[in-house]
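Encoded as structure tokens, the structure appears first; notes follow it.
All figures in this text were calculated on a predicted structure; none of them were measured in a lab. Residues: numbered from 1 along the sequence shown.
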Amino acid sequence: MTSATIERGAFTLSAAGVVASALGWIFVPSSFAHAWLAAMTAWLGWPLGSMGLILIHALTGGRWGFAIRRPLAAGVATLPLLLPVLLPLLILAPRLYPWLHPGALPNRFYLNVPFFCVRLILYLSVWLGLAALVDRALRSQHREAALARLAPAGLIGLVLTVTFAAIDFDLSLQPQFTSSVYGWMAAAQALLLAMSVALLATGVKYSAARPDLARLLLALLVLWTYLDFVQLLIVWNSNLPNDAIWYAPRLAGSWGGLAALIGLLHFALPFLLLIFPPLQRSARAVTFVAALLIAMEIIRAWWLIIPSAHRELSLIDLGAMLALLPLGAALGIRAFRRGAYLDPEPARG
């Protein structure tokens, strides 16, 4: 199956998802708002994480970055999709965020409409501007030097904006709960997702770099798990009502079962597979782990967002994912084909 065929199939699937999402917006707008935010959360880590990995490689070097630069650049190229994706969320924001209701909430200094708009403009300016600079650097004659000049300031701006955006978009759904780790957790998850998509896109075809890529995937997996566990441990030990209000619905009933599934398939199984050197050298094993992590990120996005609506998963959530993720994939595939000049020469081995 060619990439052009996959691209057409992704566009078709996305069109069906858009129709389902439109119907959801019309008939159950309160449920659709959370479904669309979950879909955006699942997708947005890919372009932002891809940009982060490109800039990290510009500072650290190594053959791993050259082996996956083309799919990372394709991920960055999908970022303009964020502009139309944000429109439904801005329209339906009062259905999502209780702090938008008059007199509803504590932190009026940070959680208010004017300041939120300023932050949103800042996020979009940094992300889209940085994506344009990365694209220009990748197309320049001296791309490594251009990326190295861009990387220090670019990474600082990217980490800060991703951290605060995660708090604004996701954590403020239940603003009584505060976490100093959540933003870092979102940044680590974005890097993990971008690495997983890059490995799946290339099929880990560069055998010389494969063990390095597998170990980096393992390192990002452990980093994300550590941050997630630290947040849970702190909340568990403090046992405060404002903290429990976020975890209680996510650890009870069917959502609790989903949390156990995430722990098993988003950490335990990938970790056990990636710690063995023979499997790190296996293209099939690494590709399987990458695909599993991508699938579990979709489930984890639902687990993070939907319980705030005090409901179970529904077809509306699936429709929103089908509208956004295949569309992002199709745009990424198109950018991937056009970025063949970024491929390194395949190493032997």
Residues, nucleotides or ligands: over 12 heavy atoms within 6.0 Å of F164 CZ: no

Any W255 side-chain heavy atom under 4.5 Å of P249 side chain: no

Cluster check F177, I234: I/L/V/M/F/W/Y, side chain < 4.5 angstrom: yes

Validation row: L331, F11 side chains within 4.5 angstrom (heavy atoms): yes

Pair W64-M195, side-chain contact (heavy atoms from CB on, under 4.5 Å): steps then yes or no: CA-CA 11 Å; W64 67 270; M195 177 66 79; 4.2 Å; yes

Modelled atom types, side-chain donor and acceptor of T78 and W46, under 3.5 Å: no

A323 backbone acceptor or donor facing S14 side chain under 3.5 Å: yes

Same apolar cluster: L315 and V19, side chain cutoff 4.5 Å: no

Transitive ILVMFWY side-chain link V18 to L318, under 4.5 Å: no

H34 and D317, any side-chain heavy atoms less than 4.5 Å apart: no

Heavy atoms of other groups near L59 CG, more than 12 under 6.0 Å: yes

Interatomic distance, D243 atom CG to N237 atom CG [nearest 0.5 angstrom]: 11.0 Å

Closest non-hydrogen atom pair between A285 and L279, with its separation: CB-O, 3.7 Å

Cationic tip of R119 above F115 ring, under 6.0 Å, 45° of axis: yes

Atom pair CG (L258) and CH2 (W302), whose distance is rounded to the nearest 0.5 Å: 9.0 Å

hydrophobic_cluster_shared for L160 and L150, side chain cutoff 4.5 Å: no

The single option from L79, I56, L72 passing side-chain contact (heavy atoms from CB on, under 4.5 Å) against M51: L79

Distance (rounded to the nearest 0.5 Å) between I68 CD1 and F66 CZ: 11.5 Å

Between CG on residue L191 and CG on residue L217, distance to nearest 0.5 Å: 11.5 Å

Heavy-atom check, side chain of L86 versus side chain of L124, under 4.5 Å: yes

Donor-acceptor pair, side chain of S172 and main chain of F169, under 3.5 angstrom: no

Heavy-atom side-chain contact between L83 and L128 under 4.5 Å: yes

Rounded distance [0.5 Å steps], CE in M321 versus CD1 in I316: 13.5 Å

Heavy-atom closest pair, residues P326 and L13: CG-CD2, 3.8 Å

Point-to-point distance, once rounded to the nearest 0.5 Å, from OG1 of T225 to CD1 of I262: 11.5 Å

R136 CZ: over 12 foreign heavy atoms closer than 6.0 Å: no

Shortest non-hydrogen separation from I306 to A38 and the atoms involved: CD1-CB, 4.2 Å

M185 vs Q189 side-chain heavy atoms within contact, under 4.5 Å: no

Polar side chain donor-acceptor pair, D168 to Y97, under 3.5 angstrom: no

Aromatic ring pairing Y182/W246, orientation class (parallel under 30°, perpendicular over 60°, tilted between): perpendicular

Derivation and outcome, side-chain contact (heavy atoms from CB on, under 4.5 Å), residues L55 and L130: CA-CA 10 Å; L55 296 177; L130 190 56; 4.0 Å; yes

Aromatic plane relationship, Y123 with W127 - under 30° parallel, 30 to 60° tilted, over 60° perpendicular: parallel

Minimum side-chain heavy-atom gap L82-M40 below 4.5 Å: yes

Ionic contact status for E144 with R69, cut-off 4.0 Å: yes

Option from L221, L220, L193 for which side-chain contact (heavy atoms from CB on, under 4.5 Å) with L293 holds: L221

Lys NZ or Arg CZ of R95 over F32 ring: under 6.0 Å, within 45°: no

Heavy-atom pair of closest approach, residues A20 and G319: CB-CA, 4.2 Å

Considering all heavy atoms, the nearest A146-S140 contact: CB-OG, 3.9 Å

Flag if over 12 foreign heavy atoms under 6.0 Å of CH2, W184: no

Any L92 side-chain heavy atom under 4.5 Å of P29 side chain: yes

Donor-acceptor under 3.5 Å (R281 side chain, P211 main chain): no

same_hphob_cluster(L192, Y226) at 4.5 Å side-chain heavy-atom cutoff: yes

Exercise: identify the closest heavy-atom pair between A58 and A151: CB-CB, 4.0 Å

